[in-house]
Amino acid sequence: RPGLALCAGCGGRIQDPFLLRVSPDLEWHVACLKCAECGQLLDETCTCFLRDGKAYCKRDYSRLFGIKCAQCQAAFSSSDLVMRARDHVYHLECFRCAACGRQLLPGDQFCLRERDLLCRADHGPPLRDGAAARGPRSP
C-alpha cells in the first residue's frame, strides 16, 4: 500500500517502496521508526515497543517503564529470579532483612513494613491464635 499509508512518526504520506508496520494499524517510513529516547533505528532486526504513541528500543523501554526492584531500583532481566511481597518485587540478592541484613529465602517468615522487609527475629514472634481479637492490632 505504498502511497496510501500515512507515517505514524512524521504524519507524511509513505510513498517509499518499503514501510514498517508496527502493531496491526501503525505504519512508518523506514527512516522515521526510531527510539524516542536514544534515536536508534528500529527495523525488522530489533524489538520495538510502543507507549503513548512513541516507539522505544527494548533497553530504553525496560529502563523507563519496566518493573524495578523495590530495594535497589534496578530493572530486571528476563533471566532474573525474583521474590515478591505484596505488590513489591525484589532481586533474590535484594530480598534481605532491613534490620540485620540476612537474606530471606523461600519459606522464611518475614514482615513487610512500609518498604522494609524484616525477618521473623527482627519483627517478633507471630501472634497466638485469637491474640489479635483480644488486643490492638499492630500496624
Side-chain angles (χ1 to χ4, degrees):
R1 297 184 1 210
L4 300 176
L6 295 179
C7 177
C10 71
R13 191 169 298 263
I14 301 175
Q15 297 180 353
D16 305 351
F18 299 101
L19 58 81
L20 294 173
R21 182 172 289 138
V22 179
S23 165
D25 57 344
L26 296 177
E27 295 166 328
W28 303 69
H29 288 112
V30 173
C32 289
L33 185 58
K34 49 186 149 185
C35 178
E37 195 66 16
C38 71
Q40 174 188 351
L41 285 176
L42 304 170
D43 57 19
E44 67 279 354
T45 64
C46 57
T47 305
C48 174
F49 295 87
L50 292 178
R51 178 137 179 177
D52 300 328
K54 295 180 182 176
Y56 297 92
C57 66
K58 183 176 183 176
R59 187 188 74 239
D60 285 328
Y61 187 86
S62 295
R63 181 178 57 81
L64 294 168
F65 307 112
I67 297 172
K68 295 182 177 55
C69 176
Q71 180 62 36
C72 71
Q73 298 303 308
F76 295 100
S77 74
S78 60
S79 62
D80 284 340
L81 297 175
V82 299
M83 297 289 282
R84 295 178 185 272
R86 292 195 194 124
D87 57 347
H88 302 290
V89 184
Y90 300 84
H91 292 106
L92 287 180
E93 316 76 60
C94 296
F95 200 67
R96 298 181 173 276
C97 176
C100 69
R102 183 174 75 81
Q103 185 173 10
L104 300 168
L105 302 172
D108 286 349
Q109 291 184 356
F110 66 91
C111 172
L112 181 63
R113 289 194 187 141
E114 308 263 334
R115 294 191 76 117
D116 290 336
L117 292 167
L118 298 171
C119 67
R120 182 176 179 184
D122 288 316
H123 78 74
L127 296 173
R128 294 183 318 271
D129 289 344
R134 289 191 299 272
R137 297 178 78 178
S138 65

So Q103 and D108, do their side chains get closer than 4.5 Å, heavy atoms only?
no
How are the rings of Y61 and F49 set relative to one another: parallel (under 30°), tilted (30 to 60°) or perpendicular (over 60°)?
parallel
Derivation and outcome, side chain to side chain contact (heavy atoms under 4.5 Å, CB included), residues D16 and V30:
CA-CA 9 Å; D16 305 351; V30 173; 5.6 Å; no
Interatomic distance, OH@Y90 vs CG@L104, rounded to 0.5 Å, equals 9.5 Å
Interatomic distance, L41 atom CG to L20 atom CG [nearest 0.5 angstrom]:
9.5 Å
Could you walk me through whether R59 and C38 pass side chain to side chain contact (heavy atoms under 4.5 Å, CB included), step by step?
CA-CA 10 Å; R59 187 188 74 239; C38 71; 4.1 Å; yes
Within the structure provided, determine whether Q40 and D60 are in side-chain contact (heavy-atom separation under 4.5 Å).
no
Would you confirm whether H29, through its side chain, and F18, through its main-chain N or O, come within 3.5 Å as a donor-acceptor pair?
no
Any donor and acceptor pair, going by atom type alone, linking the side chain of R96 with main-chain N or O of G101 inside 3.5 Å?
yes
Side chain to side chain contact (heavy atoms under 4.5 Å, CB included) between R51 and L64: does it pass, once the steps are laid out?
CA-CA 11 Å; R51 178 137 179 177; L64 294 168; over 6 Å; no
Closest heavy-atom pair, C100 versus C97, reported as atoms and distance to 0.1 Å, is N-SG, 3.5 Å
Counting only heavy atoms not in L6, do more than 12 fall under 6.0 Å of its CG?
yes
Is a side-chain donor or acceptor of Q71 paired with a backbone partner of F95 at a separation under 3.5 angstrom?
no
CZ on R86 to CZ on R115, rounded to 0.5 Å
12.5 Å
Which value, rounded to the nearest 0.5 Å, describes the distance between E27 atom CD and C32 atom SG?
13.0 Å
Identify the heavy atoms of A36 and Y56 that sit nearest to each other, and give their distance.
CB-CE2, 4.0 Å
With rounding to the nearest 0.5 Å, note down the distance linking CZ in R13 to SG in C7.
12.5 Å
How far apart are the closest heavy atoms of D80 and A75, and which atoms are they?
OD2-O, 4.3 Å
Would you confirm whether D122, through its side chain, and C119, through its main-chain N or O, come within 3.5 Å as a donor-acceptor pair?
no
Between the CD1 atom in I67 and the NE2 atom in H88, the distance rounded to the nearest 0.5 Å is 12.5 Å
Hydrophobic cluster membership, with links at side-chain heavy-atom distances under 4.5 Å among I/L/V/M/F/W/Y: are M83 and F110 in one?
yes
Establish whether L81 and L117 are linked, either directly or via other cluster members, by ILVMFWY side-chain heavy-atom contacts under 4.5 Å.
yes
Main-chain N/O of R63 paired with K68 side-chain donor or acceptor, under 3.5 Å:
yes
